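Keep in mind it's a predicted model, so treat the numbers as computed, not measured. Numbering of ligands and ligand atoms starts at 1, following listing order.
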Amino acid sequence: MSRYPAPALTRRAFLASTAASAAGAMLPLLPTSPATAATRDVSLRPAAGRLRLVTPGETAAWLYNGAAPGPEIRLRQGERLRVTVDNALAEETTVHWHGLRLPNAMDGVPHLTQKPIGAGERFVYEFDAIDAGTFWYHPHQKSSEQVGRGLYGPLIVEEPEPLRVDRDVTWMLGDWRLTKSGEISEDFGNRHDIHHNGRVGNTVTINGRVPDGFAVRKGERIRLRLINAANARIFSLDFAGHEPIVIALDGQPVTPHAPEKGLVVLGPAMRVDLILDMTGTAGIRAAVTDRFYEGLEYKLVDLVYDGTPVRERAPDWPLALPANPLPEPDLEAASRNEVVFSGGMMGEMVAEEMGETMGGETMEPGAPGGRMSHAHSMTAGMMAMMNSGAAWFINGVAADESGHDMKPMLSLERNRSHVIAMTNATAWHHPIHLHGHSFRVISRNGQATRHREWRDTVLLSPREKVEIAFVADNPGDWMFHCHVLEHQTGGMMAVFRVA
Ligand code: C2O
Ligand code: CU
């Protein structure tokens with residue numbers, strides 16, 4: 001049996017059941033019954049509203065419970081979460097629980113795992129928090145527009161023994177495209193965004209506000225949970241002489257390490273948990289700068305040293321998080337699947353250039369499991385799809401965003417290890433996300449990765465080859481797509497079937 005539907009027996013539930021037995025009550029011995037697990041109940045109401053992003057002024061947006069981000073959902077590992085969604089939007093929606101390993105029917109993908117929630121309708125999501133970590137939620141219906149208008153929120157699953165820090169802080173990074181009058185630009189899904197790097201906005205927020213300063217105290221240790229909720233913007237954060245230590249990626253613990261070149265990189269949908277020791281001098285302001293786009297560096301926020309120092313030196317408390325119960329892929333026994341991404345502006349050029357390095361081979365459209373054939377990089381089928389508005393292809397196929405009858409591109413044998421060897425044959429970055437599983441990133445351009453990090457979203461640079469590995473232990477049809485939401489709109493998604 002799959003362990004996904006079964007909630008762990010928490011200490012609280014255990015005590016409750018022992019107490020009940022002691023009292024002589026007839027308690028059915030069903031430790032997996034939702035009635036005996038600690039359940040957190042949450043209500044989410046997506047609706048149009050107004051938001052104060054910048055002072056002064058308000059912006060019409062779409063909000064969960066009147067705010068963007070929506071409420072921070074927090075629960076303990078092993079607890080069960082039940083979320084009642086009342087759709088007060090004027091259109092269909094769903095809620096996807098990004099990065100959580102949950103039963104397929106709770107995954108929130110319209111037409112694939114559920115009927116979309118109609119205007120005025122209700123849907124109840126219910127699942128167990130198997131993994132501790134930093135996750136988030138957002139609609140999976142017309143994602144580019146619904147997320148771009150403000151529908152997203154953080155979901156934090158706490159470790160049974162929280163890591164020792166002075167403060168646990170979430171920064172949900174948002175990126176808005178506002179007009180001169182401060183309204184959300186209505187140009188969702190325009191051709192230019194789809195074919196280039198997506199809807200990169202002009203107003204970056206932390207927790208729904210354009211930030212000025214973030215007050216810190218000298219000597220303080222902060223666990224900073226960064227979540228990139230932007231449609232398309234990639235961040236590369238420089239913490240101004242502070243030395244952040246990465247302790248988790250996409251919610252999953254990693255060997256604590258300093259980020260490469262000191263820069264914390266987050267593609268859309270990605271999360272990074274940092275330990276940040278406030279080693280600056282009392283009274284200073286230190287600018288956190290985003291350096292991802294060359295020539296477009298900007299100050300995200302100032303760390304404002306305020307108040308009395310907490311301590312003189314950084315504490316030497318432990319940094320490592322306990323591992324989550326992830327099945328370890330067996331690389332020897334793994335099946336190997338090739339996935340090639342193509343399309344986008346200048347896509348033909350890059351695919352051809354990479355075709356050379358790949359020995360003149362390109363992917364045959366729709367070839368299951370990545371069969372190779374000698375052909376031109378752009379096939380007649382791809383041409384036809386492009387003429388009908390598709391911009392991006394996975395193994396030569398562009399998906400139709402409505403998601404109606406998507407056929408599985410790969411069938412992955414259940415409980416077996418699989419390697420997905422991905423080639424980014426495009427001129428653009430793509431954060432590639434797999435639903436229902438976390439995977440190890442095992443190599444980049446043929447080089448083994450240093451930390452073999454677990455992720456649910458991996459950022460591929462232009463022309464990069466990345467291998468991931470995982471045990472396909474969660475049955476169902478799962479989305480595999482680019483999290484630049486305009487690339488997803490432009491066809492960059494597929495379904496992996498685990499059976
Ligand atoms: Cu956060 Cu399919 O997405
Ligand atoms: Cu993409």
Evaluate Phe341 against Trp392 for ring pair (Phe, Tyr, Trp, His ring centres under 6.0 Å), listing each step before the verdict. CA-CA 7 Å; Phe341 302 104; Trp392 300 96; 9.4 Å; no

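Counting only heavy atoms from C-beta outward, the side chains of Asp175 and Asn231 never approach each other to under 4.5 Å. Using a 4.5 Å heavy-atom cutoff, the side chains of Ile234 and Leu459 are in contact.
Ion pairing between Arg440 and Glu453 fails under the 4.0 Å rule for side-chain N and carboxylate O. Between Glu353 and Arg463 there is a salt bridge, since a side-chain N of the basic residue sits under 4.0 Å from a carboxylate O of the acidic one.
Residue His483 forms a ring pair (Phe, Tyr, Trp, His ring centres under 6.0 Å) with just one option from His138, His140, His429, and that option is His138. Each of His487, His433, His98 was evaluated against His481; a single residue qualifies, His433, per the ring pair (Phe, Tyr, Trp, His ring centres under 6.0 Å) test.
With atom 2 (Cu) of ligand 1 as the vertex, NE2 (His481) and NE2 (His435) define an angle of 110°, rounded to 10°.
Defined by atom type and a distance below 3.5 Å, a donor-acceptor pair is present between the side-chain atoms of Asp107 and His435. Using modelled atom types and a 3.5 Å distance limit, the side chains of Gln77 and Asp131 yield no donor-acceptor pair. Residues Arg80 and Thr39 have side chains that never bring a donor and an acceptor to within less than 3.5 angstrom of each other.
Protein N/O/S atoms closer than 2.8 Å to atom 1 (Cu) of ligand 1, listed by chain and residue number, are His98 ND1, His138 NE2, His483 NE2.
Each protein N/O/S atom under 2.8 Å from the Cu ion (ligand 2) was counted, for a total of 3.
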